[in-house]
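Comments concern the structure below.
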Amino acid sequence: MAKYNPKKIEQKWQNKWYSSGVFKAKNGSKKKKYYLLVEFPYPSGDGLHVGHCRSFTAFDIIARKRRMQGYNVLYPMGWDAFGLPTENYAIKKGVHPSVVTKKNTDNFRSQMQNLGLSFDWSREIDTTDPKYYKWTQWIFIQLFKNGLAYKSKISINWCPKDKIGLANEEVIDGKCERCGTKVEKKEKDQWMIKITNYAERLIKDLEDVDYLEKIKTQQRDWIGQSHGAVVKFHVEGIDEDLEVFTTRVDTIFSGTFLILSPEHSFIDKYRNKIENIEEVLAYREGAKNASDMDRTNQDKEITGVQLKGIMVRNPVTNEEMPVWTADFVLDHYGTGAVFADAHDKRDFKMAKKYGIPLRTSIKPDNEELTQKVKNLEECFEDDGTLYNSQEFDGLKSADARPKIIEWLSAKGLANSKITYKLRDWVFSRQHYWGEPIPMVFCKKCGWQPVKEKDLPIKLPNVKKYKPTGTGESPLSLIEKWVKTDCPNCKGPAQRETDTMPNWAGSNWYFLRYIDPKNNKKLSDDSAMRYWMPVDWYNGGMEHTTLHLLYSRFIFKFLWDIKAVPASVGSEPYKKRTSHGMVLGEGGIKMSKSKGNVINPDTIIKQYGADTLRIYEMFMGPFEQMIPWDTKGVVGCRRFVDKVYNLAAQKKMATKTDEALKKVLHKTIKKVGEDVENLKFNTAISSMMEFVNAWQTSENGLDKKDLADFLRIFSPFAPHLAEELWVSLGNKDLCCQQKWPKYDEKLIEEKRVLLIVQINGKVRDKIEMKAGSSQKEVEKLVLKSEKIKVLIGDAEVKKIVFVYNKLINIVI
RNA sequence: GCCGAGGUGGUGAAAUUGGCAAACACGUCGGACUCAAAAUCCGAUGCCCUUAAAAGCUUGGGGGUUCAAGUCCCCCCCUCGGCACCA
């Protein structure tokens, strides 16, 4: 038989698979479904990254295994193709982004096919296809109609050199991603989405899904729920209360002053009551100009200005408290105001700096520390025991909190309240290459959504993709497109010229794969009922708080408005895992500038796709970051070669050796279990062990056992598996076979290697039949010369026996 | 600062969850084949002492629990990821 030639083999089987449609998922099937999803890539000009290959191959293995286990598997692929690099390329070269996108997606597709990935290509989607983004726009309109999309003036990142608004992800270290200029803030009217309405559900429903714990934790932290209370502080001489959010009501008896954010509306409302208003407004101005970098600087000196002439009353001590403003109090969190006391480091520092009186009311358990706290030498921030707190003295912080809230709310002075760090989602981008926001502004009717029958609002062709310099999107320059009729009154109106962020298309794409050609709906109800939710979704950790959270939110919304059938439930993904990044050799990030990018095409050309697949799975644990090592690829090629040589050239046994058969069945068990746990590296090492045993066995495998091995091998190295499958005389495809079962009886050990320890140290090993009793083992061990010598005259104190494993003699 | 993950040979890593630490692979060294090289095959390979055997040491550091600890508990150090003036 000829030498192993992956080039010849792989092309042939890819053609066969893709032309026969074996990987097509069937809607309306009676079979059990399995929906496997990997994040669709942004088709960049650089081509497929070996990191893509890793997660796509991993889930390809699961998809192939599931098909062999009899499932109707949906494993689709598409393109998240709106995005900046394509737009930048268009600006530079003057080529239309859609032309670039077409070129890049063609390249990506062929690279994926060269890897033998079993995607169902009949369901391919592209977020930049008007037939697709028609529904992205439709979702926006539903958000608007349900009061979840609104316009708001907010400060955006502004590059003064390029004269363009930047998304957070375009700001690297406070500088513009393109030109490196320091980014400024600029106020601009933006479309916002009220994701905060869903904050509670987004946290609560995490209980019902199977996500990696670290993913859940990260989402919870991002949403940032805190339980506390809003307390009212009456302003002296004005019929007004200042409301303050706190999670530490237990410290309220020590509250001696109040701090407002510089932007707090109270300052505007009572300008004339504030004696030093000029100073206060100057402070506000200064805070506004401080960049994010300065504001997050830990060591920054605390500053503040007192609102002279304003006093409030502490609702529990009834004492007068001065009111200050300081920029560490954030306007957008809680009520934009805090009460300050000796139990918060920042308040403590500020009071010391400006000579504001402090009082303590919580003490730690430690007596020495308590003295320091009482003397105001140290700031105690933790929970402790209350004192100076009237009837609440002696209570622990945690017990005091609900009691104090209850007591205050009875008097109408407080309400318990839950706040979130999560903020509403800025949805406008001043770019060309994105979905146009389907809204129209009419002087008479205000903002109006485009009529659904007029969707999609197609991106018009422009001559220049360059930003306008005024902060408007390039679309604003196309007068013909901007001018339109009001959908409501038919009067003259203007289109929104901002586009959507690149998260918009990926919010709901998993619904489109289910029914990719539907032009009446996002996706057909009965098909959604069958396929949803996604059974297993894998993606990068970097998408945990953006894409993953956004898409969960949008899905909940679609479910609420019944665009998704009720029976599906309100969580889109049953299970979510994450892969580790593939780094360049030496452990640094792969990048063009470092010249350490590995192109999968090169590896396939040199070693074959099966080898690349196996290497990517063997290189290390799937969830872990891992450096590329071309030497390791060689080792995997040797393994693949070995399988080929053994299967193709060794004479077939009439009956497999008993010992080898045993190893085979252990391997079937191990590979099956490891794949389910994403432990591909150990699955492969166990197959290597099996192949080594096969190589050294006397007679080798018989036809049936070789066929079983090929079946477990085929998800990993599908091309070679098919080639060897037909060489056994089969006419069908290996990937359509049943996943083999292992024989429990064969796996059972008849003889075991028993460890003999003296005082916990391994001194000997004896082989004996499995299931021997302690007595039998003891007899044998104590007779052994080696052990006799080691025990010598010492007294045997104790003997520990672990069934089928070890015996430990304590002397 | 807080939260999360991790630290095991020269390298990537295993370790059935408390029971032989280093499987599998890379690399290195030695041998076979060859005029020679590559490829391939065989053997050795945690460290230390040693011609060898035997002993001893070893999972970031220190302490503890246990007949037995990479695994459990306490303290500390380091690396990576996330959040970060969030009241």
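Lettering of chains follows the sequences in order, A, B, ..., and the numbering in each one begins at 1. For clarity, every value in this text was computed on a predicted model and none was experimentally measured.
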Listed nucleotide nearest any side-chain atom of A:R346, set B:C42, B:A87, B:C85: B:C85
Parallel, tilted or perpendicular: which one describes the rings of A:Y4 and A:Y644, with boundaries at 30° and 60°? tilted
Scanning all shown strands, the Watson-Crick or wobble mate of B:U51 with both distances under 3.5 Å is none
Position toward the 5' end of RNA chain B (nearest nucleotide), A:G336 or A:T217: A:T217
With heavy atoms under 4.0 Å as the rule, sort A:T335 into base, sugar-phosphate or nothing. nothing
B:A13 OP1/OP2 closer than 4.0 Å to side-chain N/O of A:Q624: yes
Give none if B:U65 has no partner; otherwise give the nucleotide forming a Watson-Crick or G-U wobble pair with it, both distances under 3.5 Å. none
From the candidates B:C80, B:C20, B:C86, the one with an atom nearest any side-chain atom of A:I755 is B:C20
According to the Watson-Crick and G-U wobble definitions, with both distances under 3.5 Å, which nucleotide is paired to B:G6? B:C78
With heavy atoms under 4.0 Å as the rule, sort A:D221 into base, sugar-phosphate or nothing. sugar-phosphate
Checking B:C86, B:C80, B:A87 against the side chain of A:M625 (C-beta onward), the nearest is B:C80
Can you confirm whether or not the ring centre of A:W503 sits under 6.0 Å from the ring centre of A:F553? no
With respect to the phosphate group of B:G27, does any side-chain polar atom (N or O) of A:R638 fall under 4.0 Å of OP1 or OP2? yes
So which nucleotide does B:A22 pair with, by the Watson-Crick or G-U wobble rule with both distances under 3.5 Å? none
Classify the nucleic acid contact of A:P621 as base, sugar-phosphate or nothing, counting any heavy atom under 4.0 Å across all strands shown. sugar-phosphate
Find which nucleotide of RNA chain B each of A:V800 and A:H332 is nearest to by heavy atoms, and output the residue with the more 5' nucleotide. A:V800
Using only heavy-atom distances, determine whether the side chains of A:N538 and A:K575 contain a donor-acceptor pair under 3.5 Å. no
So for A:E542 and B:G81, does any side-chain atom that can act as donor or acceptor lie under 3.5 Å from a complementary atom in the base? no
When both distances are under 3.5 Å in a Watson-Crick or G-U wobble arrangement, the nucleotide paired with B:G43 is B:C29
Using a distance-only test with no angle check, is there a side-chain donor-acceptor pair under 3.5 angstrom linking A:E689 and A:S686? no
Looking at the side chain of A:Y333, which of B:C86, B:C85, B:A23 is the nearest nucleotide? B:C86
Remember a base hit wins even if backbone is also touched, and classify A:R763 as base, sugar-phosphate or nothing at under 4.0 Å, heavy atoms. sugar-phosphate
If only side-chain N and O atoms of A:N692 are considered, is one of them under 4.0 Å from the OP1 or OP2 phosphate oxygen of B:A25? yes
Strictly below 4.0 Å, N to O, side chains only: are A:R401 and A:D383 in salt-bridge contact? yes
Measure the distance from NZ on A:K214 to C1' on B:C80 and round it to the nearest whole Å. 11 Å
